[in-house]
There are 2 protein chains.
Amino acid sequence: MTSTKPLTANQQLVLGVLKRSPSPLSAYDILHRLRNKGLKAPLQVYRALKVLVDLGITHRLESLNAFVACSGENCRQAGMSGFMICNLCGRAQEFYNRQLNDKLQSISADQEFVASHTVVESSGICAQCKKTPVN
Amino acid sequence: MTSTKPLTANQQLVLGVLKRSPSPLSAYDILHRLRNKGLKAPLQVYRALKVLVDLGITHRLESLNAFVACSGENCRQAGMSGFMICNLCGRAQEFYNRQLNDKLQSISADQEFVASHTVVESSGICAQCKKTPVN
DNA sequence: CGTTTAATGTTATTACATTACATCATGCAT
DNA sequence: ATGCATGATGTAATGTAATAACATTAAACG
Ligand SMILES: [Zn+2]
Ligand SMILES: [Zn+2]
Ligand SMILES: [Zn+2]
Ligand SMILES: [Zn+2]
């Protein structure tokens, strides 16, 4: 059934901000953008983010301490996608690669390690910024 | 030639603490352990860590906001190793896998993304802790 | 209704990291 | 030697990220 409980008001607000943003936002960035909507404290944002991340609708970028809306549909099942983060324009491109996941899986298996979550984040320069140095 | 400048006193202290620790330490953990050696401020630790990380002698674990001494020799060249982090005992096992790196490389290439650094961190339960639940 | 439960709000605190500026040591050019 | 540049250190203050503790409100349900 996957009876999916609807998002609460705060959760929708936070998700909306993330979806509209071209690049990842910190919790405090989000808070700042929702002051006018009545949000006042970090916890309101962190609570909403926790739910969204747990649902797989939003991802946390560990190397940025920031959050981004999921760009795919396959994250709930896969549980593991990667990101390419541009140091110039700040955008984070999400990707999913079966072979990469399989490889990570086999590496874990070799060590008898049971992974529950894996972070894959590359920093560098995106194709766009390579062509147009100043964005 | 690789004329390698010797580490300063603070850098050696920080590296020593990391090498002796069985699991990753936060900058403030390190500071705490070096109070008796005269270190007083976070910046002294962060400065040393920056040098050690830049040298590839130490790695930063993004998902923990913590640091760990490099367990291999191949990091200076490779620039990319991964970690399996146990949620029970807290240990972080470093690994290096050529095929994984090649795959990440090819994924980047497909998107015309030039990666300068890549984070790979899996969280889960290590072999040790699987056998002996309470460590 | 009255009671339970989940979501929110509010304040304070803890944890992580950097900025700014003063001081000290070292090496080297005059 | 003396003065100056350079790099490492020390110190204080501040900025940024995240959570703890507790009060309040809103929905669900008998
Ligand atoms: Zn996703
Ligand atoms: Zn870019
Ligand atoms: Zn290493
Ligand atoms: Zn373990």
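Note on naming: letters A, B, ... go to the chains in the order of the sequence lines (proteins, then strands), and numbering restarts at 1 for each one.
Distances shown here put a side-chain N or O of Q44(B) below 4.0 Å from the OP1 or OP2 atom of dG10(D). Remark: T8(A) is in phosphate contact with dT8(C), judged by side-chain N or O atoms under 4.0 Å from OP1 or OP2.
Spacing between atom CG of L49(A) and atom P of dT19(D) amounts to 10 Å, rounded to whole angstrom units. Distance, K50(B) NZ to dA8(D) P: 11 Å, rounded to whole Å. In this structure, K37(B) places its NZ atom 19 Å from C1' of dG10(D), rounding to the nearest Å. L7(B) has its CG atom 10 Å from the P atom of dT9(D), to the nearest Å. The nearest whole Å value for the distance from the NZ atom in K40(A) to the C1' atom in dT11(C) is 13 Å. As rounded to whole Å, 13 Å separates atom C1' of dG9(C) from atom CZ of R35(A). Atom P of nucleotide dA18(D) and atom CG of L61(A) are separated by 11 Å, given to the nearest angstrom. Atom pair N10(B):CG and dG7(D):P shows a separation of 18 Å (rounding to whole Å applied).
One finds no salt bridge joining R33(B) and D29(B) here, because no Lys/Arg side-chain nitrogen approaches an Asp/Glu carboxylate oxygen to under 4.0 Å. Salt bridge present: D102(A) and R98(A) bring a charged side-chain N and a carboxylate O closer than 4.0 Å.
Side chain to side chain, S63(B) and E121(B) meet the donor-acceptor criterion of an N or O pair below 3.5 Å.
H59(A) and F83(A) have their aromatic ring centers within a separation under 6.0 angstrom.
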Q. Just by protein heavy atoms under 4.0 Å, how would nucleotides 16-21 of chain C read 5' to 3' in B, S and -?
A. BBBBB-
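Taking the side chain as every heavy atom from C-beta outward, R60(B) and E62(B) approach each other to under 4.5 Å.
No single ILVMFWY cluster, assembled from side-chain heavy atoms under 4.5 Å apart, contains both L18(A) and L64(A).
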